[in-house]
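The block underneath contains the structure these notes are about, expressed in structure tokens.
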Amino acid sequence: MHFDLIVIGSGPAGRRGAVQAAKLGKDVLVVDKGRRVGGVSVHTGTIPSKTLRETVLNLSGWRERGFYGRSYRVKKEISASDLLNRLHITLNHEVEVLEHQFARNRVTTLTGAARFLDPHRVEVATASGERLTISADRFLLAVGTCPHRPDHIPFDGRRVLDSDQILEMDRLPRRLAVVGAGVIGVEYATIFSALDVPVTLIEPRPAMLEFIDQELVEDLVHQLRDRGTTLRFGSKVTAIDTPADGPCIVRLENGRVVQADMVLYAAGRTGATASLELEACGIEADARSRLTVDPRTFQTSQKHIYAAGDVIGFPSLASTSMEQGRLAACHAFGVAAHEAPRFFPYGIYSVPEISTIGLTEAEVRQQGIPYECGIARFRETSRGQIMGLNAGMMKLIFALDGSRLLGCHIVGEGATELVHIGQAVINLNGTLDYFIQNTFNYPTLAEAYKVAALDAWNRMPRGSGR
Ligand SMILES: Cc1cc2nc3c(=O)[nH]c(=O)nc-3n(C[C@H](O)[C@H](O)[C@H](O)COP(=O)(O)OP(=O)(O)OC[C@H]3O[C@@H](n4cnc5c(N)ncnc54)[C@H](O)[C@@H]3O)c2cc1C
């Protein structure tokens, strides 16, 4: 069998790359070792964690607590099966959509693990035990990442779990310890805390989410502490004991211990390149098993082998992975593609959610740009009042010279949707005037843009900006 393009991995990067190549009239094969197409994004990452979050917010009545108090719940007893039922319905639907997309675009799919035999041939070990040798002119490696599982952590899938295993939990924890205050750790810690599970968040570094504007992180930390989440920062986990007759004991380097009946270990991910046998095609992975590519073309050191998605590292988002896969396929088949805009949004689906685009205040300062910030609290908008929001804020950063929008940072309800207004203004080089001169729907949370812009304008020295 021979194809124009073999894509290894059917997550966002592989899927978009495959469909793009098929739309260019190419013969495309997608190989994935998972039981069904979709990758980490559909089966263990983006979609499951967001479905779980939505289910928790709905069943717990979280969004109504501003009016009815902290003890308000839509469903009194929430079990693990309540959470997982909805998950399975959503995932099945997502897989069907993907299978249909592949079929519609005449992309061939094959279930099996691929490994290189030489730079133009792979062997695919299928579930039925067959070993197929398949060749192609070009390859797209979109194999993603797997949870980092250090040897000293006693993963057992029941009491000590990684972020894949948490989706198979058979009961909700009474007390949860989350190791790793990166995006995944923070998302799960806050989701469980919204279910009133006492959570301890452990992070070896002294701070969390350092790439996010720190004023938002302070707001998040304040909200987490307010609802009883314990933060143990600045000390590594040295061991986790799992005695049969008591809770798990997480031991920290500084001598402190954290007790919990479930531990979620979410401290990093590594590239899933080990099984590809890359030496056969002449590519090397780095120390974290990731691949290096030309950031413009997505070519590896072998020009006919492309890589995209989480396996090439930052920013490791489903959204950016899709675009990388598409750009890689365009380059592979000689189609000119636009250059990606400099700024893309980052969404963290914690409770409350965070979304951000552009420069943080620290970055603006570092670059020596004279600036002013404007802040809006969601409770200052009529929609916020109607929704009973007592938290949530938007921070806009404008350059003093010309009043261009440099950064848009939001924490609170709807942040991941609201951010796209800021994205449009930033990427179209818009200024503070956009927010002042345009009429917005009323009542909406988007009005916060106007409030924040006016706040910044009020602080700006007269004669600058507008
Ligand atoms: C818990 C969690 C939450 C997340 N939340 C978000 C979010 O809210 N928003 C967001 O944008 N991103 C989120 N992400 C990140 C997002 O899931 C990834 O960016 C995205 O899945 C990366 O896509 P990918 O195409 O690189 O491959 P992946 O989705 O990682 O898929 C890789 C596929 O390759 C297959 N594969 C690997 N090796 C082989 C082989 N040798 N042969 C055949 N097949 C192979 C695997 O089976 C897998 O199906 C989250 C991730 C996690 C873990």
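Whatever order the structure lists them in is the order used to number ligands and atoms, beginning at 1.
- Only the side chain of S49 comes within 4.0 Å of ligand 1, judged by heavy-atom distances.
- If you check which protein heavy atom lies closest to atom 6 (C) of ligand 1, you get T46 OG1, 3.4 Å.
- Listed by chain and number, the residues in a side chain to side chain contact (heavy atoms under 4.5 Å, CB included) with E279 are E277 (sequence neighbours excluded).
- Side-chain contact check for V56 versus L83: some heavy-atom pair is nearer than 4.5 Å.
- Without hydrogens or angle criteria, R53 side chain to S350 main chain gives a donor-acceptor distance under 3.5 Å.
- Other residues, nucleotides and ligands place more than 12 heavy atoms under 6.0 Å from the CZ atom of R63.
- Summarising the geometry, atom OG belonging to S41 is positioned 6.5 Å from atom CZ belonging to R15; distances are rounded to the nearest 0.5 Å.
- By the criterion of a heavy-atom distance under 4.0 Å, the side chain of I8, and not its backbone, is placed next to ligand 1.
- Scanning the protein heavy atoms around atom 18 (C) of ligand 1, the nearest turns out to be D310 OD2, 3.1 Å.
- Protein heavy atom at the shortest distance from atom 49 (O) of ligand 1 is D32 OD2, 2.7 Å.
- Ligand-side atoms of ligand 1 in range of A142: 27 (O), 32 (C), 33 (C), 34 (O), range being under 4.0 angstrom from any heavy atom.
- The shortest side-chain heavy-atom distance between Q259 and R175 falls under the 4.5 Å cut-off.
- Every atom of ligand 1 is numbered from 1 in the order shown, and the set under 4.0 Å from a heavy atom of Y349 is 8 (O).
- Rounding to the nearest 0.5 Å gives a distance of 10.5 Å between CD of E363 and CG of L406.
- Between the choices S10, G17, A272, A13, the shortest heavy-atom distance to atom 25 (O) of ligand 1 belongs to A13.
- Listed by number with element, the atoms of ligand 1 under 4.0 Å from a non-hydrogen atom of S316 are 15 (C), 19 (O).
- Every atom of ligand 1 is numbered from 1 in the order shown, and the set under 4.0 Å from a heavy atom of G34 is 47 (O).
- S49 is not listed as a side-chain neighbour of Y349, based on a closest heavy-atom distance of 4.5 Å or more.
- Geometrically, ligand 1 and E187 share no nitrogen or oxygen pair separated by less than 3.5 Å.
- Contact check for V74 versus E64: no side-chain heavy atoms found under the 4.5 Å cut-off.
- Residue G309 has at least one heavy-atom neighbour below 4.0 Å for each of these atoms of ligand 1: 26 (O).
- Salt-bridge annotation for R138 and D4: absent, with no side-chain N of the basic residue lying under 4.0 Å from a carboxylate O of the acidic one.
- Between L445 and M387 the shortest side-chain heavy-atom distance falls below 4.5 Å.
- With a heavy-atom cut-off of 4.0 Å, L276 touches ligand 1 through its side chain alone.
- In this structure, the protein non-hydrogen atom closest to atom 29 (O) of ligand 1 is V40 N, 3.0 Å.
- Atom 1 (C) of ligand 1 has its nearest heavy-atom neighbour, among I184, T273, V30, in I184.
- Annotation: A114 places an N or O atom under 3.5 Å from an N or O atom of ligand 1; distance criterion only.
- With a 4.0 Å heavy-atom cut-off, ligand 1 is reached by the side chain of R269 but not by its N, CA, C or O.
- Partners of Y265 according to the ring-ring contact (aromatic ring centres under 6.0 Å, His included) rule, which considers only residues two or more places apart in sequence or in another chain, are F155.
- Residue contacts with ligand 1 include G112, since one of its heavy atoms falls under 4.0 Å from the ligand.
- At the shortest separation from atom 39 (C) of ligand 1 among protein heavy atoms lies K33 CE, 3.5 Å.
- The shortest separation from a heavy atom of S275 to ligand 1 is under 4.0 Å, placing the residue in contact.
- Aromatic ring orientation, H304 versus H120: parallel (interplanar angle below 30°, classes split at 30° and 60°).
- Counting protein heavy atoms only, atom 23 (O) of ligand 1 is closest to P12 CD, 3.1 Å.
- Among all non-hydrogen protein atoms, the one lying nearest atom 8 (O) of ligand 1 is K50 NZ, 2.7 Å.
- By the 4.5 Å heavy-atom criterion applied to side chains, T51 and I47 are counted as neighbours.
- For atom 34 (O) of ligand 1, the closest non-hydrogen atom on the protein side is G9 CA, 3.3 Å.
- Those atoms of ligand 1 that come under 4.0 Å of a heavy atom in S319, given as number and element, are 11 (O).
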